[in-house]
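What follows is a single structure, written as structure tokens, with notes after it.
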Amino acid sequence: METPVLGKSTPEGARDYLVPSRITPGTFFALPQSPQLYKQSLMISGFDRYFQIAKCFRDEDLRADRQPEFTQVDLELSFTDRAGVMSLTEKLLKHLLKQVGRSCTIPFPRIAYQDAILRFGTDAPDVRFGLEIEDVSGLFTDTAFTVFKNALSSGGVVRAINLKGHSSALSRKDLDDLTPLVHSCKGKGIAWIRMTEDGPQSPIIKYFSEDESQSLYRKLHAHPGDVIVFAADTEKIVCRSLSAVRLYLGRKLGLIDDTQLAFTWVEDFPLFEHDETGRTASVHHPFTSPIEADIHMLETDPFAVTSDAYDIVLNGSEIGGGSMRIHNAELQRRVLSILGIDEQTSHDTFGFLLEALQYGAPPHGGIALGVDRIMMLLLGTESIRDVIAFPKTQKAACLMTGAPSLVPREQLDELHIESIAPDINDA
RNA sequence: GGGGGUGUAGCGAAGCUGGUUAUCGCGCCGGCCUGUCAAGCCGGAGAUCGCGGGUUCAAUCCCCGUCACUCCCGCCA
């Protein structure tokens, strides 16, 4: 099934690519960030299966694994559930791997979002190696060590990784080299303790009480030959920092088997989060269903509500994500209302969906898999642009054709557009 | 918007602390040889060292600026 590319701009999610309408002055189409609303409409209208190899567009800054136009295998099923989508996806990927002479065992392991964040510091964990993170905040509630004390008293956390048995492989300089890495994650620094036969060596150990040290070693099962690294800050910064440290050291210590394909499901995401301005936003998108058991606390405790969404991760890269969708108009209204999207805006933007839901929609859900990222991982390349013909540069330009480019003023006039950018009309 | 890296022949790279004709591989051109199959041998062309400025007797190398590409943070699923 194919769906339109010229669609409607929606307030949620990434920045849209806009296309001006010549026929209706002053109005714009948006290129799809995903065919989400179309495929749901198809389910509601009675198609029980859908798939599409879909081009998607998101006007955000680029990364090694991200460019603004990309390709998804987009699929949706009615009368299914999370297990149904997961099972289908696993079979699809297994089949795909077979075609290219690789293999995997299904079902894939699953990890809850909160566990992923705690143990790996990220919702896209690379599970090919250990070096897992442990929370040690509880051991330092009354600590004299100001760095930990300040982090904890302002609501932060102290977490650590025990680099078991790697002490001899890590010089003092190696440990000091972690500092700039942590700085790049907005962290203030990183502390470490080296466990030796002659006792712990560390610039910070002198600030710990005997109790603190002992319970720390017990909790982390620390023995001579180990090195413990710490971060203390807000949870977000600690996770980001230790995740970066973990990956860096995993590579440096040669712990990552790059012939391995380690798939993981990440599930039980929260339904909502605070966006940068502190407002309530969808973690996934506004059509994601909460799990049945949490619906009752949507209004009373929205941030505790778990969503029926799932991501699939391969070797530490998110290669797809999906969810069960809301198939009830009333529930959809409640969620939009919690997101602060007023009745009028809901109606103007998603009215067609709300109306369709009213006629009785089947339970449905699906997933979208990132084709470019999967290709990148299967080929072992380091950039998504290695597997895209005519890729965009980091400034989202096409070097070969020179797009984007200036256009003659007449063309703008026809589209009822006037540019405020300097020199734009001199093409 | 912020931080880091890179820019040397068509392509991929080397060039230590500034010092005579900027090096190597692949490719290209010419010749020789050859039962080819990623051939071999000999010879050759090809570089405003991203661009602009500065320091210096002397700059690919140091400094400032600028452009491009790239990695990361913000942003994005």
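In what follows, chains carry the letters A, B, and so on, assigned in the order in which the sequence lines appear, proteins first and then strands, with residues in each chain numbered from 1. Here the structure is a predicted model, which is why all the values come from computation and not from measurement.
Looking at A/Glu90 and A/Trp265, their side chains come closer than 4.5 Å, going by heavy atoms from C-beta outward. Side-chain contact check for A/Leu93 versus A/Phe108: some heavy-atom pair is nearer than 4.5 Å. No side-chain heavy atom of A/Val85 sits under 4.5 Å from any side-chain heavy atom of A/Asp81.
A salt bridge between A/Glu343 and A/Arg333 is present, with a side-chain N of the basic residue lying under 4.0 Å from a carboxylate O of the acidic one. Comment: A/Asp115 does not engage A/Arg110 in a salt bridge, judged by the lack of any side-chain N to carboxylate O separation of less than 4.0 angstrom.
A distance of about 36 Å separates the P atoms of B/rG40 and B/rG19, rounded to the whole Å. A distance of about 36 Å separates the C1' atoms of B/rC51 and B/rG30, rounded to the whole Å. Distance noted for atom P between B/rG44 and B/rA38: 29 Å (whole Å). Nucleotides B/rU20 and B/rC41 place their C1' atoms 33 Å apart, quoted to the nearest Å. Straight-line distance between the C1' atoms of B/rC61 and B/rG7: roughly 14 Å, to the nearest whole Å. Using P as the reference atom, B/rC67 and B/rU60 are 23 Å apart when rounded to the nearest Å. B/rC76 sits 24 Å from B/rG4 when the P atoms are compared, rounded to a whole Å. Here the separation of B/rU70 from B/rG12, taken at their P atoms, is 14 Å to the nearest Å.
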Show the distances under 3.5 angstrom between N or O atoms of the protein and N or O atoms of nucleotides 8-12 of chain B.
none

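Judged by Watson-Crick or G-U wobble contacts below 3.5 Å, the nucleotide B/rC69 has B/rG5 as its partner. Base pairing analysis places B/rC61 opposite nothing; no Watson-Crick or G-U wobble pair with both distances below 3.5 Å involves it. If you check B/rA39 for Watson-Crick or wobble pairing at under 3.5 angstrom, you find it has no partner at all. Across all strands shown, the partner of B/rG10 is B/rC26, judged by Watson-Crick or G-U wobble contacts whose two distances both fall under 3.5 Å.
In this structure, A/Lys149 places its NZ atom where only 12 or fewer heavy-atom neighbours from other residues, nucleotides or ligands lie under 6.0 Å away. Remark: A/Phe51 CZ is loosely packed, at most 12 non-hydrogen atoms of other residues, nucleotides or ligands lying under 6.0 Å away.
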Requested in this report: List the protein contact pattern of nucleotides 69-77 of chain B with one symbol per nucleotide (5' to 3'): B for base contact, S for sugar-phosphate-only contact, - for none; contact means a heavy-atom distance under 4.0 Å.
Outcome: SBBSBBBBB
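Looking at residues 37-44 of chain A, you'll see that no heavy atom sits under 4.0 Å from any atom of RNA chain B.
Under the 6.0 Å distance and 45° angle rule, A/Arg251 does not count as a cation-pi partner of A/Phe129.
Evaluated for a side-chain hydrogen bond (donor to acceptor under 3.5 Å, both in side chains) with A/Glu69, the options A/Lys55, A/Lys392, A/Arg58 yield exactly one hit, A/Lys392.
Ring centroid separation for the pair A/Phe148 and A/Phe145 comes in under the 6.0 Å cut-off.
Between the side chain of A/Arg102 and the main chain of A/Leu96, no donor-acceptor pair closer than 3.5 Å is present.
Going from atom CZ of A/Arg159 over to atom OG of A/Ser243 covers 12.0 Å, rounded to the nearest 0.5 Å.
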